Every structure is written in C-alpha cells, then in structure tokens.
Amino acid sequence: MIRAIKGTRDLLPPESGLFEEVETVAREVFRLYNFAEIRTPIFETTELFARSVGEETDIVTKEMYTFQDRDESSLTLRPEATASVARAYVEHRLWEKPGLTRLYYMGPMFRRERPQKGRYRQFYQIGAEVMGSGAPQVDFELLEMLTLLLQRFGLTDAELLLNSVGCPQCRPAYHEALRKALEPRLPRMCADCQRRAQTNPLRVLDCKVPEDQPIIAELPVLKDYLDLGCREHFQQVCQLLDSAGIRYRLEPRLVRGLDYYTRTAFEFVHGALGSQNSLLGGGRYDGLAQVLGAPAQASQGIGFAIGEDRFVLALQAAREKAGAIVPAGSDVFIAPVGAEVQSACLALARELRAAGLSVETGEAGRKLGKLLELASRTGARFALLVGEQDLSGNQIPVKQLATGHQQSVERAGLSDYLKQALTAAPVTAGEVGKS
RNA sequence: GUGAGUGUAGCUCAGCUGGUAGAGCGCUGGAUUGUGGCUCCAGUGGUCGUGGGUUCGAUCCCCAUCACUCACCCCA
C-alpha cells in the first residue's frame, strides 16, 4: 500500500473543516486591520533562505528540502514565508506604494524534522507582515490583532510571551558578555548547553534542564545591554499593551531561532499542545529587506506566523472541553419513494440548491427505511419523502430527523420553510463529528 | 540526528510462562416493498508490520528491519 510520506498527512473531514474555519476567520480579522493577501511561490532559490533565515541556523543547515533543478540551479521548498514576502517586497518595490505594506499569507511550509505532536514535515502557517515602519505602534497593533483572533476562537488561555532581542548595534556587546560569563560556568552545565555555547549561545538561555537553572540565572540579561533606541522602543510597545489591557508576560530569555529578528520578539503558548507548545511566534526584523536590496529607510518590518496545525489542535482541545458538537451532514436529504420519481427528485434538489441549501440525494429505487437510516446517520437535518402522490399533490412531507417530527409543506414554499426551520431547529441527533 | 514506547479486521482493542485468532464498533443485506435512531438475524471482513532464528509447532520467545507515536533537539 502506498502511504503518505513521513511527516505529511491527509486532512480529512471533520478536521479539514476546522482548518477552513480558522482560515476564514483569520481572513476576516486581517481585513479589519487592512491586510491584503500575498501568494508567493512554494519554492524559491536556496540562496534566499540562506541569506535571510541565516546560514548557521538549524533550519538552513539541516532542515530544508533542497534539490537541483534540471538546469542545476539549487531550489528549496519554503521552510517559512517571511523570506519570500521580503523578496517580493524588494522585487516589486512595494515601498514606493503609498502607506505601509500589510500582507498576509497562508499555506504549507516544509522542514525535514522528526515528526512529533504538533510538528510535521509539511505543516501549515498563517502569517502576516507589516513592512515600511519601525514604529512601536505597529508592533502593538499586530499583537492586538492576534489577541482578537484568539478571542474569536475562545482560545483565551493562550499566553503572550514578550521580549526584546536588541539589534545588530547592541547585540554584539551582549554576545561578548554572555560568552565571557559562560566560559567558567560551562563545565558545570549539561552537554546540550556546552554544544549550544558554540553554535548559538542565546539558546543556552532556553535550556530546560533543572540543574542548569541556577547557573542560567547568574548569566547577563539581554535587557541590560539594549541600546537606548531598542530600550525605548520596547518600553513603548509595553505601554501600549498595558493601556489596551492586553496581558503579556515578559520573558527575558525568549529567543528566536531565525537570524533576522530584531527588537520585539513574541510567542503565544498554549497548554494543550504537549511539548511543542508554541502556537504562534514572530517579531521585528528591521534589517531583512535591506539585505535583499531594499533601501535602508524602507527596510523595517514585523510579522508573525501561526502554526495552523497547532492552532487546530488547541481548538479541538478547547471545543472538546466545552462539549461542543457540530452537524456533520447536509441540510436536506431527499429520499425518493420509488424509482420513477428519480428525475423529479433531482429537479427538486436543483431547486433547493439554487436557494442556497446543502442537499444530499438518496438513490432512487432503494427502500425508504434504508434511505432514512442513511439520512439520519450521515447527520442530515431534514429529510424530504418524495413519492408520486406527493409530487402530484404539491405537498412534500418534511421530516426533522432529530425529533422525528414530520409535516407536509407546500412545494412552492419549500425552500423558505426549510431555511426558516434550519435556523430554529436543534442540531441532528445523528452522527456528529468531534468538532 | 538521539532515545523510549507501540505494531493483531476499515476503527478501538482482547488473546492464559508457545498448540496456526476473537469482541465491540463499522460496512452490506434481511426482519420492515412509504418512515430512521432501539432491537434481533445473516453476511463482510486478518499473509497477527516485514525478514530471519529457536522449536515438532511462533501472534506469543530471540535477532534484525520498517512503520507509527511520544520525548530530546529545534521551532510554528
């Protein structure tokens, strides 16, 4: 049997419906903040990611799907989308348009990691970027938009973690101080930290080994090394959040794994996600566009990416907790009584669909009992029992499957009756999905 | 890349220190040729992940391998 390859999966109903719902609501919320969609290619030159994400990052050194095209150029399946958006910003000189560039995207990303709960090799991200301004106000509005999106789904138990990671001007001093402080302490730390001290010293701060915690507490804190500009920027972001009543937790040890981040860095974490608890992450990346060819004064940017798979996981947990059920089936199931009403039933279905109802048609000629059983078990909300005499009398029996209540309805007023009844009637007692 | 756990029917799982497999759910039909959910009956289902070894005999014990899951790592 041919199976989906490791780390990839088929999104089937009812779960695929949740992805659709998350995307729909995200689009609505993005529209409120005047974001428009960008669709970038799913593969790019390898160089783009090496230059923007960072040559030494884990993503670039060991997680990318890179391959040779037939002309021998090196291409890579996108591991994230900010690089592509920045590339498009530069390629189309978007800074020359009036106002800020506010773009959102959604789609699959690819990283070759060992699969785990909430971690896949093909995974889905929903993200947005604001380019062309370094104002703290922009950071604030982005975070506010995210809290609104989480609110829309009732994920109010997600927690915002906030930090400033400085800029290329002040970070080297911190790096130096950190390295000095680490040197004498390293022998007492775990093997991972000893390795990280070489590859990515900032990640030492993120270590979870209990024995290392007292040592980490003694290390210099990035906050104390921020230059004036970075410090004021961060302070203003915090003030704006405070005055809007948005809760957050300062996390001086929050570190991002991509090289392009500057100043504001944030993450929303959620308890239902297991060890991959980061629901979404993002931050400012003020120099990125310049690296790719934008003029310095237009190269500021900030953005985030939501892990859609994780978002859905959290949503499922929340809905399960709330005991929510959703109808899985069609609005209407048409049950033909006898083989000779086939085409009349199909015409009726056409009529109801034209009125906006979702209609499933039972196979003409099957026993009515079987058809009703099918209607009920597929979660249809109403069944129409359509035989010769019903058609000739222009009275169609309509059965509400959850209650068993049945009444005849004038054919001409059928779609209006159904639409009205659908909003009033309880959800089917038939098969329901786990949300 | 590293570690641990698990692989038996479409799904969830049972299977006694080793005698070549069961249940529930599902699916199809019937009881019920114009009335579903409940019930009853029948049918449909499996190279017991794969390969090798031990044994008279292996779903069970041993080795290898693959897959899945979780964790490390990393990140969304």
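All values derive from a computational prediction rather than experimental measurement. Lettering follows sequence order; numbering is per chain, from 1.
Distance CD1 (A:Ile396) to C1' (B:U35): 15 Å, rounded to an integer number of Å. B:C68 atom P lies 13 Å from atom OH of A:Tyr120, rounded to whole Å. One can place CG of A:Leu273 at 14 Å from P of B:A76, the figure rounded to the nearest angstrom. Look at CG on A:Leu368: it is 14 Å from C1' on B:G37, rounded to the nearest Å. Atoms CD (A:Gln125) and C1' (B:A76) sit 5 Å apart, rounded to a whole Å. In this structure, A:Arg381 places its CZ atom 17 Å from C1' of B:G36, rounding to the nearest Å. Atom C1' of nucleotide B:G34 and atom NZ of A:Lys367 are separated by 12 Å, given to the nearest angstrom. The separation between A:Gln116 atom CD and B:C73 atom C1' is 9 Å, rounded to whole Å.
A salt bridge links A:Arg411 to A:Glu351: at least one charged side-chain nitrogen sits closer than 4.0 Å to a carboxylate oxygen. A:Glu113 and A:Arg121 are not joined by a salt bridge, as no carboxylate oxygen comes within less than 4.0 angstrom of a charged side-chain nitrogen. Ion pair A:Arg179/A:Glu176 flagged as a salt bridge, since at least one NZ, NE, NH1 or NH2 atom sits closer than 4.0 Å to an Asp/Glu carboxylate oxygen. Salt bridge A:Arg102/A:Glu129: absent, no basic N to carboxylate O contact under 4.0 Å. The existence of a salt bridge linking A:Arg27 and A:Glu37 is confirmed by a sub-4.0 Å separation between a basic side-chain nitrogen and an acidic carboxylate oxygen. Ion pair A:Arg377/A:Glu360 not flagged as a salt bridge, since none of the NZ, NE, NH1 or NH2 atoms sits closer than 4.0 Å to an Asp/Glu carboxylate oxygen.
Between B:C74 and B:C13, the two C1' atoms lie 35 Å apart (nearest whole Å). Taking atom P on both nucleotides, B:A71 is separated from B:U28 by 37 Å, rounded to a whole Å. Between the P atoms of B:G30 and B:G37, the separation comes to 14 Å (whole Å). B:G24 and B:A76 have their C1' atoms separated by 39 Å, given to the nearest Å. To the nearest whole angstrom, the two P atoms, one in B:G57 and one in B:C66, are 29 Å apart. B:C68 and B:C63 have their P atoms separated by 23 Å, with the value rounded to a whole Å. Comparing the same atom, P, in B:G7 and in B:C60 gives a spacing of 12 Å after rounding to whole Å. The separation of B:A9 from B:G22, taken at their C1' atoms, amounts to 10 Å, rounded to a whole angstrom.
Pair check for B:U47 finds none; no Watson-Crick or G-U wobble contact set falls under 3.5 Å. Shown here, B:U69 forms a base pair with B:A4; the pair counts as Watson-Crick or G-U wobble because both key distances fall under 3.5 Å. When both pairing distances are held under 3.5 Å, B:A21 makes no Watson-Crick or G-U pair with any nucleotide shown. Base pairing of B:A9: no nucleotide in any strand meets the Watson-Crick or G-U wobble criterion (both distances under 3.5 Å). A 3.5 Å limit on both hydrogen-bonding distances identifies no Watson-Crick or G-U partner for B:U35. B:U54: no Watson-Crick or G-U partner with both key distances under 3.5 Å is found in any strand. Here B:C40 sits opposite B:G30 as a Watson-Crick or G-U wobble pair (both hydrogen-bonding atom distances under 3.5 Å).
Among the nucleotides B:G34, B:A76, B:A71, the one closest to any side-chain atom of A:Lys117 is B:A71. Out of B:A71, B:G34, B:A76, the shortest distance to the side chain of A:Leu258 is found at B:A76. When each of B:A76, B:G34, B:G36 is scored by its nearest atom to the side-chain atoms of A:Val337, the top-ranked nucleotide is B:G34. When distances run from any side-chain atom of A:Glu373 to the nucleotides B:U35, B:G36, B:G29, the shortest one goes to B:G36. Of the listed nucleotides (B:U35, B:G30, B:A76), B:A76 has the atom at the smallest distance from the side chain of A:Phe123. The A:Arg366 side chain lies nearest to B:G29 when the options are B:G34, B:A71, B:G29.
Side-chain atoms of A:Glu44 never come within 3.5 Å of backbone atoms of A:Arg78 as a donor-acceptor pair (strictly under, hydrogens ignored). Of the possible polar contacts, one joining the A:Thr46 side chain to the A:Ser74 backbone as a donor-acceptor pair under 3.5 Å is found. Here the side chain of A:Arg9 pairs no donor or acceptor atom with the backbone of A:Ala4 at under 3.5 angstrom. Distance alone, capped at 3.5 Å, places no donor-acceptor pair between the A:Asp309 side chain and the A:Phe123 backbone. Distance alone, capped at 3.5 Å, is enough to place a donor-acceptor pair between the A:Arg310 side chain and the A:Gly118 backbone. Within the 3.5 Å criterion, the main-chain N or O of A:Ser358 finds a donor-acceptor partner in the side chain of A:Asp331.
Look at A:Arg112 and you won't find any side-chain N or O under 4.0 angstrom from OP1 or OP2 of B:C74. Between B:G36 and A:Lys399, no contact under 4.0 Å exists linking OP1 or OP2 to a side-chain N or O. Using a 4.0 Å cut-off, no side-chain N or O of A:Arg3 falls inside it from OP1 or OP2 of B:C66.
Nucleotides of RNA chain B nearest to A:Val386 and A:Gly307 differ in position, and the one nearer the 5' end is that of A:Val386. Mapping A:Leu372 and A:Asn277 onto RNA chain B by nearest heavy atom places A:Leu372 closer to the 5' end of the strand.
Here A:Gly118 lies in heavy-atom contact (under 4.0 Å) with a base. Using a 4.0 Å heavy-atom cutoff across all strands shown, A:Lys62 reaches no nucleic acid atom at all. Looking at heavy-atom distances under 4.0 Å, A:Glu80 makes no contact with the nucleic acid at all. Within the nucleic acid shown, A:Asp390 comes within 4.0 Å of at least one base atom, counting heavy atoms only. Looking at heavy-atom distances under 4.0 Å, A:Leu374 makes no contact with the nucleic acid at all. The residue A:Gly404 sits close to a base: some heavy atom pair falls under 4.0 Å. Within the 4.0 angstrom heavy-atom criterion, base atoms lie near A:Leu385. Using a 4.0 Å heavy-atom criterion, one finds that A:Gln406 contacts the bases of the nucleic acid, with or without backbone contacts as well.
Side chain A:Arg114 to base B:C70: no donor-acceptor pair is found below 3.5 Å. Put simply, the side chain of A:Glu113 and the base of B:A76 share a donor and an acceptor less than 3.5 Å apart. A donor-acceptor contact under 3.5 Å is formed by the side chain of A:Arg111 with the base of B:A76. A donor and an acceptor atom never sit less than 3.5 Å apart when one is taken from the side chain of A:Ser376 and the other from the base of B:G37.
For the pairing with A:Ser275, the side-chain hydrogen bond (donor to acceptor under 3.5 Å, both in side chains) check across A:Lys117, A:Gln116, A:Arg119 returns one residue only, A:Gln116.
Residues A:Phe30 and A:Tyr104 bring their aromatic ring centres within 6.0 Å.
Within residues 38-59 of chain A, the residues approached by RNA chain B to less than 4.0 Å at the level of any non-hydrogen atom are A:Asp58, in residue-number order. Within residues 339-353 of chain A, no residue has any heavy atom closer than 4.0 Å to RNA chain B.
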